[in-house]
Amino acid sequence: MNEPILFPPSIGQSPSRDGFLSEAVAGLSKPQKTLPCKFFYDEQGSRLFNEICELEEYYPTRTENQILRDNINEITGLIGWGCRLVEFGSGASTKTRHLLTHLPSMSGYFPIDISGPQLFQSAAQLARDFPNLEINPLEADYGEVLELPNTKRKPRRTVAFFPGSTIGNFEPVEAIAFLRNIAFHCGSDGGLLIGVDRKKETRILESAYNDRKGVTARFNLNILARANGELGADFDLSAFCHRAPYNETQGRIEMHLVSKRAQIVRFDSQEFSFEQGEYITTEYSYKYTLPGFAGLALRAGFELVRSWEDRNHLFSVLFLRVRGPQSLFERDFGGFRCSA
Ligand code: AVI
């Protein structure tokens with residue numbers, strides 16, 4: 001058996017302390033205070049997110065897994081042989097294992113994630129389990145990746161994998177710019193396998209983001225703990241509470257951290273004052289109809305090939321293909337970020 005091929009970690013574009021500091025200061029200085037959701041994912045935040053994925057109320061993970069399992073032959077048939085698979089926001093790469101098992105003679109797998117420890121741990125485990133596969137993990141804010149590494153074996157095509165409905169964490173215009181960038185990376189004949197959370201009853205959505213065990217609340221509050229630890233901020237975590245209403249007009253869950261009392265928070269020699277009831281927006285999670293998302297993808301240079309859904313219409317997995325060479329000239333070099 002060949003030696004596992006695991007390239008040294010490519011570090012360099014991951015968000016730095018300075019990046020967190022400048023974005024936190026900018027976000028908390030706005031009339032509607034914000035903290036970007038990409039800063040949820042330090043080690044503790046990644047652990048809490050994995051816990052969220054196991055919650056009874058949080059249907060997206062298990063529903064998407066089920067859709068992938070039920071349709072694996074058709075999905076991997078559309079991706080085809082000899083592809084270079086690039087995963088944006090790979091986390092623990094749990095869903096990818098299933099794909100890798102069913103994808104014949106791949107040219108390589110590139111997991112990209114903002115959280116280094118989890119990325120390298122899961123890449124090492126995958127390298128043990130798939131010893132003939134070239135795996136090249138990249139620790140980076142996947143919204144800012146400008147170039148992909150080459151594989152030793154020339155790929156027949158590049159297919160991006162963006163599961164988990166993370167596309168919902170982008171504002172729609174940012175989602176278009178981000179997908180356009182993926183189309184550019186994939187090139188002509190490129191494909192995209194993506195998970196999208198669907199619009200549904202408010203009751204189901206709100207309970208998914210306000211779970212009874214309070215894991216989502218801890219996940220949300222952890223961003224303040226991170227600011228305390230990394231930026232020297234003095235957030236009193238007991239003076240903020242989690243709230244996640246569904247904004248039906250905008251079609252999105254909004255994650256808020258609500259100040260329980262009037263207070264002042266200090267860091268970086270600056271003061272940020274809060275009135276009682278004032279809140280920080282930490283995340284948007286947009287929900288889509290299938291035609292709504294297909295229309296957005298079209299504007300990014302992708303056409304819908306096939307979609308699959310669960311029997312309760314909670315979640316969709318879509319396979320899209322790059323529309324044609326003309327759409328590749330439309331790349332947007334602006335920054336792409338999580339919303340909020
Ligand atoms: C990562 N992302 C798709 C999750 C979501 O559902 O928007 C993040 C999350 N926030 C709260 N719970 C889960």
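Whatever order the structure lists them in is the order used to number ligands and atoms, beginning at 1.
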Query - contact_flag Gly164 ligand 1 heavy-atom lt 4.0 Å - result: yes
Query raised in the report: Nearest protein heavy-atom contact for atom 4 (C) of ligand 1: which residue, which atom, what distance?
Result: Tyr58 OH, 3.4 Å
Requested in this report: Assess the side chains of Glu87 and Thr96: does a donor N or O sit below 3.5 Å from an acceptor N or O?
Outcome: yes
**Report entry** For Tyr41, the ligand 1 atoms whose distance to one of its heavy atoms is below 4.0 Å
**Finding:** 1 (C), 8 (C)
Report summary line: Within 4.0 Å of some non-hydrogen atom of Phe219, the atoms of ligand 1 are 10 (N)
Report task. May I ask you to decide if Phe110's main-chain N or O and Asn136's side chain share a donor-acceptor pair within less than 3.5 Å? Result -> no
Report task. May I ask you to check whether Lys287 has an N/O atom sitting below 3.5 Å from an N/O atom of ligand 1? Result -> no
Query - Test of ring centre spacing under 6.0 Å for Phe130 and Tyr109 - result: no
Query raised in the report: Starting from atom 9 (C) of ligand 1, which protein heavy atom do you reach first, and at what distance in Å?
Result: Glu283 OE1, 3.5 Å
Report task. Look at atom 7 (O) of ligand 1 and say which protein heavy atom is nearest, naming residue and atom and giving the distance to 0.1 Å. Result -> Ser285 OG, 2.6 Å
Query - Interatomic spacing from CG in Leu48 to CG in Asn220 - rounded to 0.5 Å - result: 10.5 Å
Requested in this report: Look at the rings of Phe178 and Phe162 and say which category their plane angle falls in: under 30° parallel, 30 to 60° tilted, over 60° perpendicular.
Outcome: tilted
Query raised in the report: In the protein, which heavy atom is nearest to atom 2 (N) of ligand 1, and how far is it?
Result: Asn169 OD1, 2.9 Å
**Report entry** Trace of the side-chain contact (heavy atoms from CB on, under 4.5 Å) decision for Leu257 with Cys241
**Finding:** CA-CA 5 Å; Leu257 286 168; Cys241 63; over 6 Å; no
Report task. Below 4.0 angstrom from a heavy atom of Phe49, which ligand 1 atoms are there? Numbered from 1 as shown, please. Result -> 1 (C), 4 (C), 8 (C), 13 (C)
Report task. Can you label the angle between the Tyr142 ring and the Phe170 ring as parallel, tilted or perpendicular, going by 30° and 60°? Result -> tilted
**Report entry** Contact atoms of ligand 1, heavy-atom distance to Ser165 under 4.0 Å
**Finding:** 3 (C)
Query raised in the report: Would you say Tyr286 touches ligand 1, if touching means a heavy atom closer than 4.0 Å?
Result: no
Query raised in the report: Does Phe40 have a non-hydrogen atom less than 4.0 Å from ligand 1?
Result: no
Query raised in the report: What orientation do Phe49 and Phe219 show, parallel under 30°, tilted 30 to 60°, or perpendicular over 60°?
Result: tilted
